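Keep in mind that what you see is a predicted model, and the values were worked out from it rather than measured. Residue numbers begin at 1 in each chain, while the letters A, B, ... track the order of the sequences. Keep in mind that the numbers below use all heavy atoms, side chains included, and drop hydrogens, waters and symmetry copies.
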Number of protein chains: 2
Amino acid sequence: MKKHPRGLPIGAFAAAAGVNVETIRFYQRKALLPEPGRSYGSIRRYGEADVARVKFVKSAQRLGFSLQEIAGLLTLDDGTRCDEARVLAEEKLEDVRAKLDDLRRIESVLAQLVDRCCASRGRITCPIIAALHAH
Amino acid sequence: MKKHPRGLPIGAFAAAAGVNVETIRFYQRKALLPEPGRSYGSIRRYGEADVARVKFVKSAQRLGFSLQEIAGLLTLDDGTRCDEARVLAEEKLEDVRAKLDDLRRIESVLAQLVDRCCASRGRITCPIIAALHAH
DNA sequence: CTTGACTCCGTACCTAAGTACGGATTCAAG
DNA sequence: CTTGAATCCGTACTTAGGTACGGAGTCAAG
């Protein structure tokens, strides 16, 4: 493993964070990452804190937060404004539960259709097609 | 209500189907609707079958089918190829169940985080922020 | 025959979260 | 000092499902 005494250049940084170089640049434009210092020239150098930040973003994404919402979470990064973080998490939980309700409804309709379809072998009109015509 | 003896022009058709005029033209480009006849001039005229078709598309969308998948369903529109329709419905059911699994996992994590957050009033480090840093 | 509403058509724009490209620098090794 | 890799930067493209725009043509009523 190579040493990067002045901090990681973008390629090594992206690899360390498990994302694409272009993704780093994209996050930079979205201000999800601070503009890093550019020691000796015009090349950006990143540190461990930046790697942690990208991983934070990816963790939050896995919980369904959008990048915009994650920008909000990142302003609470010092961990001292628990109330605000809880509000964001509660709102997201509501979103997720609403989507769950939708999907459960859809699942039951689809399951019924598949079921009725199986039960109606030889019928002239497919129950699935008929149901889609019915509403 | 006005009569449209030669069939509905696009505006009345879109209204009857409950969608935007632009949506009709978009569906036309996607070949979800057949090119309608243009009697006497260059104006498209639509019939009841077209209205039913748009409603079919909207029903299928509510069940989570993409327009591309709906194009597939529409080729089975005569209702005689029940097996093929069932396969498409089963695949969609699998999709929906996979998404449900994801969301349930997310819900439980979020619910735990909110819970722990509530339990830790006064703590210095917010458990939500800490958890996002942990993975 | 004119006016106003409607339609036609192609094209651009929108969101989200990136990905891809390409010319110009710059860095590091030999 | 040269060469090749990496970086910089702006811009365009991607998917899905539309929405919006604008100029030209057409249709029906008065």
Side-chain angles (χ1 to χ4, degrees), chain A residues 2-33 35-46 50 53-74 92 95 99, chain B residues 2-33 35-46 50 53-74 92 95 99:
Chain A
K2 286 182 192 166
K3 290 281 172 188
H4 294 280
R6 288 192 278 271
L8 303 167
I10 196 167
F13 171 49
V19 302
N20 205 308
V21 168
E22 304 296 332
T23 302
I24 298 298
R25 293 198 347 97
F26 176 71
Y27 286 180
Q28 211 108 54
R29 282 202 296 282
K30 292 275 169 183
L32 292 168
L33 294 174
E35 269 297 322
R38 307 192 181 200
S39 54
Y40 306 107
S42 61
I43 285 186
R44 288 182 272 245
R45 299 288 175 170
Y46 300 86
D50 296 308
R53 207 167 163 94
V54 173
K55 289 189 174 174
F56 182 103
V57 171
K58 288 295 167 190
S59 293
Q61 270 188 321
R62 280 192 291 276
L63 290 180
F65 289 96
S66 70
L67 292 184
Q68 197 172 12
E69 290 162 341
I70 291 167
L73 285 171
L74 283 168
K92 184 51 58 182
D95 288 359
K99 275 190 197 148
Chain B
K2 284 181 193 167
K3 289 285 174 187
H4 294 280
R6 290 191 276 273
L8 302 168
I10 197 168
F13 170 47
V19 300
N20 205 309
V21 169
E22 304 295 333
T23 303
I24 298 298
R25 296 198 343 98
F26 176 71
Y27 285 180
Q28 211 108 54
R29 282 201 296 281
K30 292 274 169 183
L32 292 168
L33 294 173
E35 269 297 321
R38 307 192 180 198
S39 54
Y40 307 107
S42 61
I43 285 186
R44 288 183 273 246
R45 300 288 176 169
Y46 299 86
D50 296 307
R53 205 165 165 96
V54 172
K55 289 188 173 172
F56 182 104
V57 170
K58 287 295 167 188
S59 295
Q61 269 188 322
R62 280 191 292 277
L63 290 180
F65 289 96
S66 69
L67 292 184
Q68 196 172 12
E69 290 162 341
I70 292 168
L73 286 170
L74 283 168
K92 185 50 59 184
D95 289 359
K99 275 190 196 147

- Task: Counting heavy atoms from C-beta on, name the nucleotide in D/dC8, C/dT19, D/dT19 closest to the side chain of A/Thr23.
- Result: C/dT19
Is any side-chain N or O of [X] closer than 4.0 Å to OP1 or OP2 of [N]?
X       : N      : value
B/Tyr27 : D/dG18 : yes
B/Gln61 : D/dG18 : yes
A/Ser42 : C/dT25 : no
A/Lys58 : C/dG18 : yes
A/Arg44 : D/dC9  : yes

- Item | Check: A/Glu35 main-chain N/O paired with A/Arg44 side-chain donor or acceptor under 3.5 Å | no
In whole angstrom, what separates [X]'s [atom1] from [N]'s [atom2]?
X       : N      : atom1 : atom2 : result
B/Glu35 : C/dC8  : CD    : C1'   : 12 Å
B/Ile70 : D/dA16 : CD1   : P     : 13 Å
B/Glu69 : D/dG17 : CD    : P     : 8 Å
B/Phe26 : C/dT11 : CZ    : P     : 16 Å
A/Leu8  : C/dC27 : CG    : P     : 17 Å
B/Tyr46 : C/dC6  : OH    : P     : 16 Å
A/Leu67 : C/dT15 : CG    : C1'   : 12 Å
A/Arg45 : C/dC27 : CZ    : C1'   : 8 Å

- Close side-chain approach of B/Tyr46 to B/Val54, heavy-atom, < 4.5 Å: no
- Is the closest side-chain heavy-atom distance between A/Tyr27 and A/Leu67 below 4.5 Å? yes
- Between the base of C/dG18 and the side chain of A/Arg25, is there a donor-acceptor distance below 3.5 Å? no
- Message: Check this for me: does the side-chain of A/Arg29 come within 3.5 Å of the base of D/dG10 through a donor and an acceptor?
- Response: no
- Among A/Arg25, A/Arg45, A/Glu22, which one satisfies side-chain contact (heavy atoms from CB on, under 4.5 Å) with A/Ile10? A/Arg25
- Task: Using heavy atoms to find the nearest nucleotide of DNA chain D for B/Ser66 and A/Pro9 separately, return the residue whose nucleotide is more 5′.
- Result: A/Pro9
- Starting at the 5' end of DNA chain D, which residue's closest nucleotide do you reach first, B/Gln68 or B/Glu22? B/Gln68
- Task: List the atom of A/Leu63, the atom of A/Lys92, and the distance in Å for their closest heavy-atom pair.
- Result: O-CG, 3.9 Å
